[in-house]
Amino acid sequence: MSVIVEASEAINVVIVDDEKFVRGALRTYLSQAPDLVVLEEGENGADAVRLAHEFHPDVMLIDIQMPVMDGIAAIRQIVAEIPEIRILVVTGHISDVYLKAALIAGASGYVVKDAEPERIVAAVREVHAGDCPIDPAVTHLLVADVRRSRPATRTESLIELSDREEDVLKLLCEGRSNSEIAASLFLSESTVKYHLVRLGRKFQARDRLQLVITALRTGVVA
């Protein structure tokens with residue numbers, strides 16, 4: 001049964017990559033999803049900035065290494081000028097250096113180009129929903145780096161958490177999805193989302209990844 005998506009519910013997307021073949025593949029993947037609409041394509045960071053201002057898409061897929069202006073610089077400028085746009089990095093680089101640079105610049109997610117098409121489509125939806133999908137190929141690099149830099153003991157100025165919030169936060173730091181957290185704790189997904197919103201406010205985290213990083217660095221989660 002086909003699903004009809006109202007225009008107001010569609011996720012508008014712009015793709016920016018210097019390889020025409022990659023842009024075509026991504027457009028094909030996304031266009032097959034009934035709730036995603038590809039508005040335009042660009043081939044460098046300058047295009048990304050221009051298209052962000054021209055189309056104000058919900059989500060932008062941006063590569064890192066591109067001519068004229070690289071993806072990191074483009075992300076930084078877009079986030080500064082139009083912060084409501086969510087940015088998903090789609091790259092061939094499995095590197096904690098690029099990952100951290102992209103996240104610091106303001107990217108909301110990071111997946112590799114050879115990920116399954118279904119995973120890329122899901123990542124676009126997750127980014128749009130406020131999640132921060134990170135490809136498993138680079139997640140362990142980030143967590144290892146955070147653990148090396150975090151304090152050995154808990155800080156004295158910890159934010160007070162309920163037992164349930166601690167449970168949710170621990171599972172989140174293990175990389176569990178909302179549905180997996182819900183199943184593990186015998187909660188509904190809406191309840192899990194409620195706790196995540198509260199945790200985000202307590203830690204002043206803009207997304208799930210920032211929440212994880214803060215929890216690890218402060219020693220709240222071992």
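Bear in mind that the values here come from a model prediction, so they are computed numbers and not experimental data.
Summarising the geometry, atom CZ belonging to Arg119 is positioned 14.5 Å from atom OH belonging to Tyr29; distances are rounded to the nearest 0.5 Å. Atom CZ of Arg27 and atom CG of Leu39 lie 8.5 Å apart (nearest 0.5 Å). Of the inter-residue distances, the one linking Ile72 atom CD1 with Ile64 atom CD1 reads 4.5 Å to the nearest 0.5 angstrom.
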Exercise. How far apart are the C-alpha atoms of Leu211 and Leu169, what are their side-chain angles, what is the distance that settles it, and do they pass the side chain to side chain contact (heavy atoms under 4.5 Å, CB included) test?
Worked result: CA-CA 9 Å; Leu211 179 56; Leu169 186 57; 3.9 Å; yes
Problem set entry | Leu36 vs Ile11, side chain to side chain contact (heavy atoms under 4.5 Å, CB included): CA-CA, chis, key distance, verdict | CA-CA 5 Å; Leu36 305 183; Ile11 301 173; 3.6 Å; yes
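Under the salt bridge (charged side-chain N to carboxylate O under 4.0 Å, His left out) criterion, no residue pair touches residues 84-95, with sequence neighbours excluded.
Looking only at side-chain heavy atoms (C-beta outward), Tyr110 and His93 come within less than 4.5 Å of each other. Using a 4.5 Å cut-off on side-chain heavy atoms (C-beta onward), Gln32 and Val121 make no contact. Within the 4.5 Å cutoff, the side chain of Val22 has no heavy atoms near those of the Asp63 side chain. A 4.5 Å side-chain heavy-atom check between Glu40 and Pro57 finds every atom pair outside the cut-off.
In this structure, Pro34 and Arg125 approach most closely via the heavy-atom pair CD-NH2, 4.4 Å. Minimum heavy-atom separation, Leu88 to Ile120: CD2-O, 4.4 Å. Pairing each heavy atom of Gly45 with each of Ala74, the nearest pair is O-CB, 3.6 Å. Taking each heavy atom of Leu61 and Leu30 in turn, the nearest pair found is CD2-CD1, 3.9 Å. The nearest pair of heavy atoms linking Val37 to Ala10 is CG2-CB, 3.9 Å.
Tracing side-chain contacts under 4.5 Å through hydrophobic residues (I, L, V, M, F, W, Y), one reaches Ile82 starting from Leu103; they form part of the same cluster.
Every residue two or more places apart in sequence or in another chain that forms a salt bridge (Lys or Arg N to Asp or Glu O under 4.0 Å) with Arg23 is listed here: Glu41. Scanning for side-chain hydrogen bond (donor to acceptor under 3.5 Å, both in side chains) contacts around Tyr98 gives Gln65, with sequence neighbours left out. Residues passing the ring-ring contact (aromatic ring centres under 6.0 Å, His included) test with Phe203, sequence neighbours excluded: none.
Thr28 places a side-chain N or O within donor-acceptor distance of the main-chain N or O of Gly24, the cut-off being under 3.5 Å.
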Sequence neighbours excluded and cut-off under 3.5 Å, please list the side-chain donor-acceptor pairs for residues 46-54, or say none.
| from | atom 1 | to | atom 2 | distance (Å) |
| --- | --- | --- | --- | --- |
| Asp47 | OD1 | Arg50 | NH2 | 3.4 |
| Asp47 | OD2 | Glu43 | N | 2.9 |
| Arg50 | NH1 | Glu54 | OE1 | 3.4 |
| His53 | NE2 | Glu81 | OE1 | 2.6 |

Just list the side-chain donor-acceptor pairs under 3.5 Å for residues 190-200, sequence neighbours left out, or say none.
| from | atom 1 | to | atom 2 | distance (Å) |
| --- | --- | --- | --- | --- |
| Ser190 | OG | Ser188 | OG | 3.0 |
| Thr191 | OG1 | Ser188 | OG | 2.8 |
| Arg198 | NE | Glu165 | OE2 | 3.0 |

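A side-chain contact (heavy atoms from CB on, under 4.5 Å) with Ile62 is found for exactly one of Val90, Ile15, Val89, Ile78, namely Ile78.
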